[in-house]
Number of protein chains: 2
Amino acid sequence: MDEFLQSFKIIINEKIYVKDPESTDLGKKIIEQSILLIHEIGIEKFTFKKLGVVIGSNESSVYRYFENKHKLLLYLTSWYWSWVEYKLVFSTNNITKSKKRLTIAIENITMSIEEDSTFSHINEVILHKIVINEYSKSYLTKEVDIENKNGYFVIYKRLISRLSMMISDYNPEYAFPSSLASTVLEGSLHQFFLKEHFPTLTDCHEPQSPTQYFTQLVLKTLK
Amino acid sequence: MDEFLQSFKIIINEKIYVKDPESTDLGKKIIEQSILLIHEIGIEKFTFKKLGVVIGSNESSVYRYFENKHKLLLYLTSWYWSWVEYKLVFSTNNITKSKKRLTIAIENITMSIEEDSTFSHINEVILHKIVINEYSKSYLTKEVDIENKNGYFVIYKRLISRLSMMISDYNPEYAFPSSLASTVLEGSLHQFFLKEHFPTLTDCHEPQSPTQYFTQLVLKTLK
DNA sequence: CAAATGTAATAGTAATACTATTATAATTCG
DNA sequence: CGAATTATAATAGTATTACTATTACATTTG
């Protein structure tokens, strides 16, 4: 599957960027290094100036690709959700039993990313950590409704909607499929965060994992 | 209970502020108006300069009370969690049946705040909305571990721990009481946000509510 | 009523986010 | 081939923000 994925390009809403970063070497460098730098210093302290230094280029060159750092964050997180969606669709394809399909989906959404694999210039392990620490900030803004209308969150919403449908397939009677799907997705990011910074607020320590917690939670709730 | 609460002062960790805002009129005005202004323009665009204008005072006067806007946010959210904790402890007191106690606790934590009541200068309805939109930003930072050590999140953690204990009381066998407690608390904020901005991702629309969703989720999971 | 303290205003600085303009390199096409 | 066009990047800014140092004024206290 890893090599298979390499023959695809993840397509991101064109409105998010000024110039497609996948189209040039500098663009790819911007993606590669911004992931490392945002992870290192956090989105608040991240600036295009600092990024310019590490990519050996100028601040203003970055502005050719992204309007501002918020859009860059949207790009990176959209890429991440798109990657997860791809893995989810691929691994649940042709699985006819609704329970099996649902557990595979939960696994895909809640699992910790272990190794950087498919895309040469994107480190998925670190990108996952960025999503854990910064994703909420991309929608907890005053501009969320306009940006939502512009389609900046389509991939994220589609992913939740896929999980929601699998929940309803498994138990058509259940009244909160969308809420449960969004809880699993957002909740797993939160559990990873707690594990790291507020360990007493979670039970997902080795050998336990968010995947086990949420799989049990969903199956018991839907029974 | 409302009048009863008025005879108490909610105590916030002294390290969060430079000078206790409850100790002066200006301090109370800072709290009152910052709640309204942060709600109106969001924490990113909120500045002490803008706050100075609405409280009819100077930017620098605000710095006498809070080091920066991040600390002010920590103060406001700590106050909120403290208020919720008080209501929770009060309403579950003397309830001996573990199931009843648990459902009351979930109700307190997940319910939507309807009216501004107890404290003259603090609007709890709007403060709840600030918590929904801004709370995650107060811990999704690079400084979280130091600030946690300084005790800036004690009330929040104590609240989750209370719920966690009630979960274990109801079902001592359950393996994820803390994870479930943190999911309920964080998840309910998230469901309120979705209801407002991503309505397709939640089922908590009238007459349904996050309280119903989470009460059912917890009881089914613990059965 | 003088000293001490509390409170607030003025006037800054450093850093950040972003932009306008110019320079240089690469490509296209007659 | 070489002029015109376009792509790309660097320079040099500006406006805003977050925060600080200093001074001025007001209030309290012994």
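Residue numbers begin at 1 in each chain, while the letters A, B, ... track the order of the sequences. Here the structure is a predicted model, which is why all the values come from computation and not from measurement.
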Identify whether any heavy atom of A:Phe66 sits under 4.0 Å from a base atom; if not, whether one sits that close to sugar-phosphate; answer base, sugar-phosphate or nothing. nothing
Check whether any side-chain N or O of B:Thr215 sits under 3.5 Å from a backbone N or O of B:Thr211 as a donor-acceptor pair, and report yes or no. yes
Would you call the rings of B:Phe46 and B:Phe48 parallel, tilted or perpendicular, taking 30° and 60° as the class edges? perpendicular
Whether B:Trp81 and B:Tyr156 hold their rings parallel, tilted or perpendicular, with breakpoints at 30° and 60°: tilted
Under 3.5 Å, which protein N or O atoms sit close to an N or O of nucleotides 20-28 of chain D? Give each pair with its distance.
{"unit_1": "D:dT22", "atom_1": "O4", "unit_2": "B:Arg64", "atom_2": "NH2", "d": "3.4"}

Do any of residues 33-49 of chain A sit with a heavy atom less than 4.0 Å from DNA chain D, and if so which? none
[N] [atom2] sits how many Å from [X] [atom1], rounded?
X       : N      : atom1 : atom2 : value
A:Asn58 : C:dT22 : CG    : P     : 17 Å
B:Leu51 : D:dT17 : CG    : P     : 14 Å
A:Tyr65 : C:dC18 : OH    : P     : 19 Å

Establish, yes or no, whether a centroid distance under 6.0 Å links the rings of A:Tyr139 and A:Tyr135. yes
Is the A:Phe176 to B:Tyr213 ring centre distance short of 6.0 Å? yes
For B:Lys45, I'd like to know if atom NZ has over 12 heavy atoms of other residues, nucleotides or ligands within 6.0 Å. no
For the NZ atom on A:Lys142, are there more than 12 heavy atoms of other groups (residues, nucleotides or ligands in this structure) within a distance under 6.0 Å? yes
Within the pair A:Lys69 and C:dT16, is there a side-chain N or O less than 4.0 Å away from OP1 or OP2? no
Using a cut-off of strictly less than 4.0 Å, decide whether A:Asn68 has a side-chain nitrogen or oxygen near OP1 or OP2 of C:dA17. no
Output side-chain donor-acceptor pairs under 3.5 Å for residues 26-39 of chain B, partner residues at least two apart or in another chain, one line each.
{"unit_1": "B:Ser34", "atom_1": "OG", "unit_2": "B:Ile30", "atom_2": "O", "d": "2.8"}
{"unit_1": "B:Ser34", "atom_1": "OG", "unit_2": "B:Ile31", "atom_2": "O", "d": "3.1"}

